[in-house]
Structures are given as structure tokens and as C-alpha cells.
Amino acid sequence: MAISAFDLFSVGIGPSSSHTVGPMRAARTFALRLAEEGLLDSVCRVRAELFGSLGATGHGHGSVKAVVLGLEGHAPETIYPRGTDARLAHVREVGKLRLGGTHDIDFAVDDDVILHRRETLAFHANGMRFSAWTDATEGAEPAYTREFYSVGGGFVLDQDEVGENRIVPDHTPVKYPFTTGAELLERCRESGLPISGVMMANELAWRTEEEVRSGLLHLWDVMQECVDNGCRSEGVLPGGLKVQRRAPRLARQLKREHAGDPLAAVDWVSLYALAVNEENASGGRIVTAPTNGAAGIIPAVLHYYTRFVPGADDDGVVCFLLTAAAIGSLFKENASISGAEVGCQGEVGSACSMAAGALAEVLGGTAKQAENAAEIGIEHNLGLTCDPVGGLVQIPCIERNAVASVKAITAARIALRGTGDQIVSLDTAIKTMRDTGRDMKVKYKETARGGLAVNLIEC
């Protein structure tokens, strides 16, 4: 299936790509579909039902708020993050929702957004069902119903885009098609291009080269702004765990310290990741990369490249993001980037792999060395569970991003010291991640019913 870099990287809000960004997009799409069907102006009531992982951790991940805002026509790319809580409070207080941004309907947040904590729709753990009524009579049947699935990274599919338990692929023709790591390396050999060059050529199926370049650099600008915001924002993260923001204090410490510490770069990389994920946990503006729960890894490693690698420039940033996207598409195609489907190995693991391969290329590595770095990145995250305490993207998610960022740099450096040959291929590691996810108990897949999510509370 044809996957663009702009499918894997997109501007959104925290705290979760699958539980916040996805539901907001689904709800907005539902409102748009009502307009397309000529029903929007006559709708008097809507109901949203969230199933599986969305139902289990919807409150902690901001899913209810996302649905309300999406039904009002807001998009995660453009909404002002700091005003979302106030808008939800207003809807809850007055009992009215502005459907599609056009007209007010009666809406009781706690009654009309239903969280099914242990019921799951057939296709995916993150299922949603939206219904709309044009007849206010008690017992009337809905005039329009639609199911959606948030399949990770903000990707949303509706019921027409899935069939026989699989995603209907995008058949957009690209210059160098690949669906596996082996095919990607073969395209590199055939064309003489690095991974980023192959990916750029494929991106031209949708955009001009200048549009690709400017779009990727815009994402980089948002990443930098996110780090800056995270380093300046003090206080306690929302949600009840009373997690104190650490990035501002760490930033002040690092700026005061004298040069000469050989491991100072590690501290800075950790800071960048912490800053992003604290912004994400607070519902701030972030870049999904490839998910929100793992959003700090790509920016942290990219900051490492631009700050600590001599000669780093915008061309390198573009190549980095293209290479990362090519690797990410392999996870999307052959396994999953959804924590609700395969655990955190699909989120932090895939982001670590993407960053490792991308860094290896911009540091001068061959396509084979980049593939090797990506394999190391995921291999040492295999089996990683998703066990958010309190259903919040805070513990262990924030620190996990910092550790994985350093791990990605280590993976790239190991690969660059080698020949690119390895016993375990990236394809094998991705398949193993998929199989491990299938074997993993559901309580370890973003339901907050296992691991730290229960043991921390018990202690």
C-alpha cells in the first residue's frame, strides 16, 4: 500500500494519536458525512460510542473531549490546544453542541459519549460508532450510523475502508514501490539512491519536490517549537497523577553546566524527548511521529543531528525525515504502530527504529547500514508492553521516549561501525514484533489493566 511521509508525520495535539487525534478526525469526518448526505441541518441528536482500548482509557487519553471537538468541526491540525478544556467545559455546562460548526443541538457529554470498556468491534481494538437522529421522538431509529477505526498514528478508517479483516490498500502508483525492507534495499540498489532518495521519488506521486521539502521542514519547525514550549512550561501535568514537568529544570541545569562532559549530548537528547512528551501529555501541539505516545523520539534524535553533528543542515533534516518515513511505512504495512494492537513495541519500538535508520543515513551510512540500524532499534524493543498508569500518557511513556532516543543513537552508531550485514533482517524483526503483539495479552495493550498501570496503584 502506498504510504506517504505525511501519513506518518502530521501536526496534531496530545496526548494520544490513536485515542485523541484519531477520534477527533473520526468525529469531524462523521459531521462532514452528515453534510454530504444532506442531513446535517436536520440532525437533532448525535451519539458516539467508543469501544475496546478507546473505551477503557478514553478519559485519560482525552478521547471524550476529542469526540466533542471533532463533532463541532475542529481538526487536530488547526485547533488551538490551550482552548480545548474550556470548550469541553462549556458544552458540558450548557448541554449544547454546535454540530459541524453550524447549529446547536442538545448534547449531554456524559450520556451521549459512551465508553464501552470491555466490548470491542470486530476489526480493531480502537473502534467507534457514531449515530445521528433527525427525529427526536423517543425510540426513533437513527437516520445515519457510521463506524470508524483509529488504527494508530492518527490514521482513521471508516467501515468502507476495511474488509475481510484487512485495510483496503491505496494503489497510488509510485516510482519505486516497496512493501518490505528487502524490497526497499533492492530499490536502492537498482536506482543508486539512498533510502531518502527512493522515498522522495515516491512522494512525487502526490506532491512536487518543493512541496515535499517545505512540508517536511514545516514539521521540523513544529517539532522545534514543541521542544521550546516544553522547556519553558512549568507545573504539574493534568490527570491526577501529579507528575511534575522536568524539562524546564533540566534545561536550566544543562545551560549552567560547563562544557567537557563527554556524555552531555545524552542529557540534551533526554531533555528534548522529555520536553516533547510533557507537551504531549498536557494536550499541547506536537507532531505525530509516528504516534503521539512516541512523539519525542524523532524530534530528540533530529535535534541531536542538528546540534551535535558538524555540517548538519536543512537538506539533512529532509533526508532524515524521508528515511524515517520509509522505515515507518514498513511497520505500518507489515505489523502495526498501534499500542492497542501490539503494545508499546509498535509505538516506541517503531519510532526508535525509524530514528536509528534515519540517523545512520544522515551520518553517511549506506542503505544497508541504515536498514541494520533500524533493525537494531526495533529488536531491542520487542515485547515492550503498553501499560499507561491511570490511562494517561505519562508513566512510563515520557521517560520511555528519552531512553528510546538514546537507544536509537546507539543503534545507528553500532550499525555505522559494521558492514551492514546482520543475521536478523529488519523484515524478520518486524514480523517478530507483529507475532509478539498477537501473543500479548490484551491487558498489556493500552487498556491500563496490566503492568505498571495496576502495580503502581497497588503499591
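Values in this document were obtained by computation on a predicted structure and should not be read as measured data.
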What closest approach, in Å, do Leu271 and Cys231 show between heavy atoms, and which atom pair accounts for it?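 Result for this residue pair: CD1-SG, 3.9 Å.
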
For Ala247 and Ala275, the nearest pair of non-hydrogen atoms, with its separation, is CB-CA, 3.8 Å

Pairs flagged by ring pair (Phe, Tyr, Trp, His ring centres under 6.0 Å) wherever [range] is involved - sequence neighbours left out:
range            : answer
residues 209-242 : Trp220-His303
residues 4-34    : His19-His61, Phe30-Phe130, Phe30-Tyr144
residues 328-352 : none
residues 273-301 : none

Testing Glu347, Arg438, Arg434, Glu341 one by one against Ser336 for a side-chain hydrogen bond (donor to acceptor under 3.5 Å, both in side chains), which residue passes?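 Of Glu347, Arg438, Arg434, Glu341, side-chain hydrogen bond (donor to acceptor under 3.5 Å, both in side chains) with Ser336 is met by Glu341 alone.
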
So if I apply the side-chain hydrogen bond (donor to acceptor under 3.5 Å, both in side chains) rule between Asn280 and each of Asn401, Asn292, Thr291, Thr20, which one comes out positive?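 Among Asn401, Asn292, Thr291, Thr20, the one meeting side-chain hydrogen bond (donor to acceptor under 3.5 Å, both in side chains) with Asn280 is Asn292.
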
Distance-only polar pair, side chains of [X] and [Y], donor-acceptor under 3.5 Å:
X      : Y      : result
Arg245 : Ser282 : yes
Glu183 : Thr179 : yes
Thr436 : Gln345 : no

Test side chain to side chain donor-acceptor pair (under 3.5 Å) on Thr323 and Glu361; report intermediate values, then the result. CA-CA 8 Å; Thr323 303; Glu361 177 173 311; 3.0 Å; yes

Go through the steps to decide whether His74 and Thr84 satisfy the test side-chain contact (heavy atoms from CB on, under 4.5 Å), and finish with yes or no. CA-CA 10 Å; His74 295 290; Thr84 58; over 6 Å; no

Result block: side-chain N/O donor-acceptor pairs under 3.5 angstrom for residues 37-49, not counting sequence neighbours:
| from | atom 1 | to | atom 2 | distance (Å) |
| --- | --- | --- | --- | --- |
| Ser42 | OG | Leu39 | O | 3.0 |
| Glu49 | OE1 | His116 | NE2 | 2.9 |

Please walk me through it: do Glu203 and Ser4 pass side-chain contact (heavy atoms from CB on, under 4.5 Å)? CA-CA 6 Å; Glu203 289 293 331; Ser4 166; 2.9 Å; yes

When you compare the side chain of Met128 with that of Ser63, does any pair of heavy atoms fall below 4.5 Å?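 Heavy-atom side-chain distance check fails, nothing below 4.5 Å.
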
Working to the nearest 0.5 Å, report the span between CD of Glu278 and CD of Gln394.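 That separation rounds to 9.5 Å.
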
For the CG atom of Asp158 and the CD atom of Glu161, what is their distance to the nearest 0.5 Å?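 Asp158 CG to Glu161 CD: 4.5 Å, rounded to 0.5 Å.
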
Quiz: residues 88-97 side-chain donor-acceptor pairs under 3.5 angstrom, not counting sequence neighbours:
| from | atom 1 | to | atom 2 | distance (Å) |
| --- | --- | --- | --- | --- |
| Arg92 | NH1 | Asp110 | OD1 | 2.7 |
| Arg92 | NH1 | Asp110 | OD2 | 3.1 |
| Lys96 | NZ | Asp106 | OD1 | 2.5 |

